[in-house]
Colleague: 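What follows is a single structure, and I will ask about it in a moment.
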Amino acid sequence: MALLPILTAPDPRLKRKALPVDSVDAAVVRLMNDMLETMYAAPGIGLAAPQVGVSRQVIVVDPAREGEEPRPLRLANPRIVWTSEETSPYEEGCLSLPEQFETVVRPSRVKVAYLDETGAGREIEADGLLAVVLQHEIDHLEGTLFVDHLSALRRGMVMRRLKKMMRSGPSRERAPAKGVVA
């Protein structure tokens, strides 16, 4: 496995719609495994292929908290097939927008259809943290960042903070995660 470089906004590759995977072959499984290693090292709980410069519909997630047994999921061509009418706010961050956190309101529950690492078709129903992470990562496949769910004013503030931070260099001691870092 290998650590992959994570793109940082405003890299235009983050705004492109990813292409579907034709089949889950050895190269896709290798990408999934490299993405998991990269996500864990970052550290994060979700990562989409466009974030590592690969325009394919592949995401990995692991909502396990520190001290819990890892529960990695590898998903190709994931699509949301159902969302609840009920919504919930959640403070989100993103590996492509380091150290930036904002509250995003999303459906509380989702059902996602996808191909797993063996190429088998699967569905997963999720709520809570897993539902948030799946929606966040699937957004990346559409070229959508979590800040795109904010008002133009809030989005502009986040992007200015990010540019300022990037000019001065990321902090040596990472601030503890305040919410979902996916």
Side-chain angles (χ1 to χ4, degrees), residues 1-79 92-101 112-122 124 126 129-130 132-147 162-163 165-182:
M1 292 197 297
L3 289 178
L4 305 170
I6 298 173
L7 303 179
T8 304
D11 191 305
R13 292 173 287 180
L14 293 169
K15 299 304 286 177
R16 292 188 193 130
K17 189 170 180 171
L19 301 171
V21 169
D22 293 327
S23 65
V24 179
D25 57 15
V28 171
V29 171
R30 186 171 38 263
L31 173 63
M32 290 172 164
N33 291 335
D34 289 348
M35 287 172 58
L36 273 173
E37 182 177 357
T38 302
M39 179 192 77
Y40 288 135
I45 60 174
L47 188 65
Q51 291 179 271
V52 294
V54 178
S55 186
R56 291 286 181 238
Q57 292 181 10
V58 174
I59 65 173
V60 295
V61 301
D62 188 345
R65 298 283 188 179
E66 191 173 322
E68 292 180 353
E69 193 68 30
R71 300 186 315 258
L73 291 171
R74 298 165 178 87
L75 300 86
N77 300 337
R79 67 186 195 294
E92 296 185 30
C94 182
L95 296 174
S96 292
L97 289 99
E99 301 180 29
Q100 306 305 308
F101 297 90
V112 175
Y114 66 99
L115 300 176
D116 70 11
E117 65 272 18
T118 70
R122 302 229 183 260
I124 185 171
L129 179 61
L130 182 56
V132 172
V133 176
L134 287 169
Q135 291 173 84
H136 178 110
E137 298 310 329
I138 291 170
D139 272 357
H140 276 295
L141 303 180
E142 296 296 320
T144 302
L145 301 174
F146 83 91
V147 293
L162 179 62
K163 286 178 186 174
M165 183 200 75
M166 297 308 271
R167 278 194 305 269
S168 64
S171 62
R172 293 196 190 275
E173 290 184 30
R174 262 190 108 133
K178 296 174 9 182
V180 174
V181 181

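Because the structure is predicted, anything quoted here is derived from the model rather than measured.
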Colleague: Taking only residues two or more places apart in sequence or in another chain, which ones pass side chain to side chain donor-acceptor pair (under 3.5 Å) with Arg71?
Modeller: Glu68
Colleague: Kindly compute the distance separating CG (Leu97) from CD1 (Ile6), expressed to the nearest 0.5 Å.
Modeller: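 Going from CG on Leu97 over to CD1 on Ile6, the span is 11.5 Å.
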Colleague: List the atom pairs, with distances to 0.1 Å, where a side-chain N or O of residues 52-61 and a protein N or O form a donor-acceptor pair under 3.5 Å, not counting sequence neighbours.
Modeller:
| unit_1 | atom_1 | unit_2 | atom_2 | d |
| --- | --- | --- | --- | --- |
| Gln57 | NE2 | Ala18 | O | 3.2 |

Colleague: Can Glu137 and Gln51 be said to form a side-chain contact (heavy atoms from CB on, under 4.5 Å), step by step?
Modeller: CA-CA 10 Å; Glu137 298 310 329; Gln51 291 179 271; 3.2 Å; yes
Colleague: Return the CG to CG distance between Leu75 and Leu134, rounded to the nearest 0.5 Å.
Modeller: 6.5 Å
Colleague: How many angstroms lie between CG in Asp139 and CD in Glu92, if you round to the nearest 0.5 Å?
Modeller: 8.0 Å
Colleague: Please report the shortest heavy-atom distance between Val24 and Ala76, naming the atom on each side.
Modeller: CG2-CB, 3.9 Å
Colleague: Treating Asn77 as the side-chain partner and Val21 as the backbone partner, does any N or O pair qualify as donor plus acceptor under 3.5 Å?
Modeller: yes
Colleague: Listed by chain and number, what are the side chain to side chain donor-acceptor pair (under 3.5 Å) partners of Thr118, not counting sequence neighbours?
Modeller: Asp116
Colleague: Do the non-hydrogen side-chain atoms of Leu141 and Pro78 ever get within less than 4.5 Å of each other?
Modeller: yes
Colleague: Identify, with sequence neighbours excluded, every residue that meets side chain to side chain donor-acceptor pair (under 3.5 Å) alongside Lys163.
Modeller: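 In terms of side chain to side chain donor-acceptor pair (under 3.5 Å), with neighbours along the sequence ignored, Lys163 is linked to no residue.
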Colleague: Could you name each residue pair satisfying side chain to side chain donor-acceptor pair (under 3.5 Å) that touches residues 25-47, not counting sequence neighbours?
Modeller: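 Applying side chain to side chain donor-acceptor pair (under 3.5 Å) to every pair that reaches into residues 25-47, excluding sequence neighbours, yields Asn33-Arg74, Tyr40-Asp62.
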Colleague: Counting distance only, does the side-chain N/O of Ser96 pair as donor-acceptor with the main-chain N or O of Leu7 below 3.5 Å?
Modeller: yes
Colleague: Taking the side chain as everything from C-beta on, heavy atoms only, tell me whether Cys94 gets closer than 4.5 Å to His140.
Modeller: yes
Colleague: I'd like to know whether Leu115 forms a side-chain contact (heavy atoms from CB on, under 4.5 Å) with Val28, so could you lay out the CA-CA distance, the side-chain angles of the two residues, the decisive distance to 0.1 Å, and finally the verdict.
Modeller: CA-CA 11 Å; Leu115 300 176; Val28 171; over 6 Å; no
Colleague: At their closest point, which heavy atom of Thr8 faces which heavy atom of Pro98, and how far apart are they?
Modeller: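 Minimum heavy-atom separation between Thr8 and Pro98: CG2-CD, 3.8 Å.
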Colleague: When you measure from the side chain of Glu117 to the backbone N and O of Val29, does any donor-acceptor pair fall under 3.5 Å?
Modeller: no
Colleague: Evaluate the side-chain contact (heavy atoms from CB on, under 4.5 Å) criterion for residues Arg79 and Ile138: first the C-alpha distance (whole Å), next the side-chain angles of each, then the deciding distance (0.1 Å), finally the verdict.
Modeller: CA-CA 7 Å; Arg79 67 186 195 294; Ile138 291 170; over 6 Å; no
Colleague: Are Leu73 and Leu130 side-chain neighbours, meaning at least one heavy-atom pair lies under 4.5 Å?
Modeller: yes
Colleague: Taking side chain to side chain contact (heavy atoms under 4.5 Å, CB included) as the test, write out the residues that go with Glu69, two or more places apart.
Modeller: none
Colleague: With rounding to the nearest 0.5 Å, note down the distance linking CG in Leu47 to NE2 in His136.
Modeller: 9.0 Å
Colleague: Could you tell me which residues satisfy side chain to side chain contact (heavy atoms under 4.5 Å, CB included) with Ala41, sequence neighbours excluded, listed by chain and number?
Modeller: Leu3
Colleague: For Val147 and Leu162, what are the C-alpha separation, side-chain angles and deciding distance, and is it a side-chain contact (heavy atoms from CB on, under 4.5 Å)?
Modeller: CA-CA 12 Å; Val147 293; Leu162 179 62; over 6 Å; no
Colleague: Would you mind listing every salt bridge (charged side-chain N to carboxylate O under 4.0 Å, His left out) that reaches into residues 4-16, with sequence neighbours excluded?
Modeller: Asp11-Arg13, Lys15-Asp148
